[in-house]
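Inspection log for the structure reproduced underneath, given as structure tokens.
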Amino acid sequence: MYEFLLSQAQKQIVEEARDLVAWVPREMILGMDRETIVFPREFLQEAGRRNLLGCRYPANWGGRGLDWVATCAVMEEIGTLGYIFACTFGVGAELVCDAIVLHGSDDLREKYVKPLLAGEVFAAECLTEPRGGSDFFGTTTSAVESGDHFLLTGQKRFIVGAEGADYFLVYARTDHDPQAHPHKALTCFVVDRGPGVEVDYLYGLMGCRGGGAGRLVFKDVVVPRENIVGRLNGAYEVFNTMMIPERLGTAAMTIGAARPALDIATGYTTRRRAFGQPVNQFQGVSFQVAEAATLLDASRSLVYTTARAVDSNQDPNTIRRLVSETKKFVTESCQEAARKAMQVMGGIGYTNVFPIERIVRDLGLASIWTGSNEVMALITAHEWYREYARRKKDGRERDYESDAPEAFAEDEKIY
């Protein structure tokens with residue numbers, strides 16, 4: 001945690017997050033991994049009671065009026081409990097609430113945001129479909145107008161909180177003209193759990209267990225027109241803003257989830273002895289610990305730089321690039337840090353005597369969900385080349401190409 005970057009208010013909420021982390025019983029962590037706890041209802045209720053959910057939203061909707069730097073700091077602390085705790089914490093309080101606060105009506109905020117941030121109800125976000133993950137605009141879930149409501153039909157897959165959420169943020173196709181532009185054919189809805197909403201399948205996951213991840217089936221679900229988030233056929237605007245909490249929040253909490261692995265490995269290698277001395281005296285061990293610490297620090301630097309960019313309303317294209325490269329770099333760096341922690345502990349790190357094996361399993365999700373890291377690389381490259389073109393067009397930078405002895409041998413510059 002870079003506490004020297006935080007204001008007093010930000011430091012205060014980090015301390016409150018640490019108190020919540022300390023409150024969580026060991027049995028809850030073990031129960032979620034064993035899936036005797038299917039959804040962490042008690043944890044989210046306690047987080048809401050402590051007013052820690054959605055800290056960057058206005059106080060009149062139940063937030064704390066803070067910013068993205070504070071949010072990232074809180075998400076990092078929550079992540080230390082285990083990745084799934086941060087997943088369930090963030091999906092409702094950061095993803096679903098973000099859409100409703102930024103794009104919904106006051107009635108929706110009153111009905112859905114305030115009780116969620118109080119820990120009284122729970123929410124899940126529904127993007128992925130059986131035939132579409134990264135191809136978001138290929139959504140086939142359909143909503144058909146019928147008087148003062150819509151009839152929603154379709155399926156959503158890999159939904160954290162499918163088992164446990166009281167309502168869902170669902171994207172569906174509402175312009176059914178085959179010639180309609182995909183970006184102008186979808187609508188975002190708030191859908192209550194009720195008749196026609198079924199959890200058809202719960203996934204057996206490698207890690208991140210206990211979050212109620214499942215497949216949802218919607219069969220002619222009645223959705224009132226007033227439950228549209230944003231405007232009809234306007235889901236593109238909602239989706240665009242959702243990519244910040246999805247990916248920046250993921251990056252911050254991944255640091256938290258990897259932190260305990262490094263902490264445990266540091267303590268173990270300090271105490272473990274071989275050849276007459278603690279194993280941290282061997283460079284083959286201590287250098288891996290040093291690399292893991294560096295990876296986490298570099299990740300943290302990128303997260304907080306990106307958070308400041310978002311808080312200060314930098315150019316949207318720059319933010320899109322920063323968020324994408326942050327999500328990719330941080331998740332992969334944290335996965336590597338956890339693997340190094342396991343490696344220096346040797347065989348015991350591969351057992352359930354220490355929680356390293358669970359941390360490594362859990363972090364496997366980080367580079368897959370909220371947009372795969374391959375998609376993050378694609379976005380980063382796209383935005384970087386666009387940024388390059390803008391800079392060259394501005395003409396304000398030095399011509400670096402000319403700083404070579406034979407820079408003007410134009411016959412050799414063959415493109």
Side-chain angles (χ1 to χ4, degrees), residues 1-5 14 21 72-73 75-83 86 206-208 247-308 321-370 372-374 376-377 380:
M1 175 60 62
Y2 286 168
E3 294 194 5
F4 55 86
L5 293 177
V14 167
V21 168
C72 287
M75 291 299 289
E76 179 178 339
E77 292 304 317
I78 299 302
T80 63
L81 286 167
Y83 205 53
M206 171 182 168
C208 287
R247 292 161 182 176
L248 183 53
T250 287
M253 71 192 206
T254 307
I255 298 171
R259 252 172 61 189
L262 178 58
D263 186 77
I264 292 164
T266 302
Y268 181 85
T269 56
T270 301
R271 299 191 298 269
R272 172 71 169 176
R273 298 180 68 84
F275 303 100
Q277 60 184 321
V279 297
N280 69 353
Q281 298 300 308
F282 299 107
Q283 290 180 348
V285 171
S286 63
F287 281 12
Q288 291 198 68
V289 171
E291 288 174 19
T294 301
L295 287 170
L296 293 192
D297 273 342
S299 296
R300 205 171 276 116
S301 297
L302 197 48
V303 163
Y304 287 105
T305 297
T306 302
R308 288 291 298 272
R321 173 174 65 81
L322 285 173
V323 167
S324 299
E325 66 189 28
T326 296
K327 193 268 180 181
K328 183 178 189 299
F329 178 85
V330 171
T331 55
E332 292 174 1
S333 295
C334 290
Q335 287 169 341
E336 180 62 16
R339 284 193 294 267
K340 288 183 180 298
M342 177 180 283
Q343 185 69 24
V344 298
M345 291 180 67
I348 198 69
Y350 196 66
T351 74
N352 63 4
V353 172
F354 289 92
I356 300 284
E357 60 86 25
R358 172 176 54 78
I359 294 169
V360 170
R361 283 190 286 111
D362 286 351
L363 287 176
L365 177 64
S367 55
I368 297 172
W369 85 319
T370 67
S372 71
N373 281 11
E374 290 75 19
M376 297 304 98
T380 299

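Remember, predicted model here, so these are calculated numbers, not experimental data. For the numbers below, each heavy atom of this structure counts, side chains included, while hydrogens, waters and symmetry mates do not.
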- Query: Looking only at heavy atoms, what is the nearest atom pair of Cys72 and Val303, with distance?
  - Reply: SG-CG1, 3.7 Å

- Message: Rounded to the nearest 0.5 Å, what separates atom CZ in Arg358 from atom SG in Cys208?
- Response: 9.5 Å

- Measuring from Leu296:CG to Glu76:CD, what's the distance to the nearest 0.5 Å? 8.5 Å

- Drop me the distance from Ser299's OG to Glu332's CD, to the nearest 0.5 angstrom. 10.0 Å

- Query: More than 12 heavy atoms of other residues, nucleotides or ligands under 6.0 Å from OH of Tyr350: is that the case?
  - Reply: no

- Sequence neighbours excluded, the answer for side chain to side chain donor-acceptor pair (under 3.5 Å) partners of Ser324 is none

- Item | Qualifying salt bridge (Lys or Arg N to Asp or Glu O under 4.0 Å) pairs with a residue from residues 342-355, counting only residues at least two apart or across chains | none

- Task: Just jot down the side chain to side chain donor-acceptor pair (under 3.5 Å) partners of Gln343, sequence neighbours excluded, or say none.
- Result: none

- Note on the structure: Across all chains, not counting sequence neighbours, the side chain to side chain donor-acceptor pair (under 3.5 Å) partners of Thr370 are Thr250

- Message: Would you compute the distance between atom CD1 of Ile78 and atom CE of Met253 and round it to the nearest 0.5 angstrom?
- Response: 11.5 Å

- Item | Gap between atom CG of Leu302 and atom CD1 of Ile255 - 0.5 Å precision | 8.5 Å

- Message: I need the minimum non-hydrogen distance between Ala86 and Met75, along with the two atoms involved.
- Response: O-CE, 3.7 Å

- Note on the structure: For Ile264 and Pro355 the tightest heavy-atom approach is CD1-CG, 3.4 Å

- With Thr326, which of Thr380, Thr306, Thr331 fulfils side-chain contact (heavy atoms from CB on, under 4.5 Å)? Thr306

- Query: Do the side chain of Lys327 and the main chain of Ala366 share a donor and acceptor less than 3.5 angstrom apart?
  - Reply: yes

- Message: Can you list everything that forms a ring pair (Phe, Tyr, Trp, His ring centres under 6.0 Å) with Phe329? Sequence neighbours excluded, please.
- Response: none

- Query: Who are the salt bridge (charged side-chain N to carboxylate O under 4.0 Å, His left out) partners of Glu336, not counting sequence neighbours?
  - Reply: Arg339, Lys340

- Task: Check side chain to side chain donor-acceptor pair (under 3.5 Å) between Gln288 and all other residues, then give those that pass, not counting sequence neighbours.
- Result: none

- The side-chain contact (heavy atoms from CB on, under 4.5 Å) partners of Ala265 (sequence neighbours excluded) come to Ala341, Val344, Met345

- Task: Tell me, please, which residues at least two apart from Ala338 pass side-chain contact (heavy atoms from CB on, under 4.5 Å).
- Result: Ala261, Ile359, Val360, Leu363

- Item | salt bridge (charged side-chain N to carboxylate O under 4.0 Å, His left out) against Arg361, all qualifying residues, sequence neighbours excluded | Asp33, Glu357

- How are the rings of Tyr2 and Tyr304 set relative to one another: parallel (under 30°), tilted (30 to 60°) or perpendicular (over 60°)? tilted

- Message: Quick check: closest heavy atoms across Val14 and Ala73, and the distance to 0.1 Å?
- Response: CG2-CB, 3.5 Å

- Item | Within residues 260-282 or reaching into it, pairs that qualify as side chain to side chain donor-acceptor pair (under 3.5 Å) - sequence neighbours excluded | none

- Message: Within the 4.5 Å heavy-atom criterion, are Cys334 and Leu295 side-chain neighbours or not?
- Response: no

- Does Thr294 have any side-chain contact (heavy atoms from CB on, under 4.5 Å) partners at least two apart in sequence or in another chain, and if so, which? none

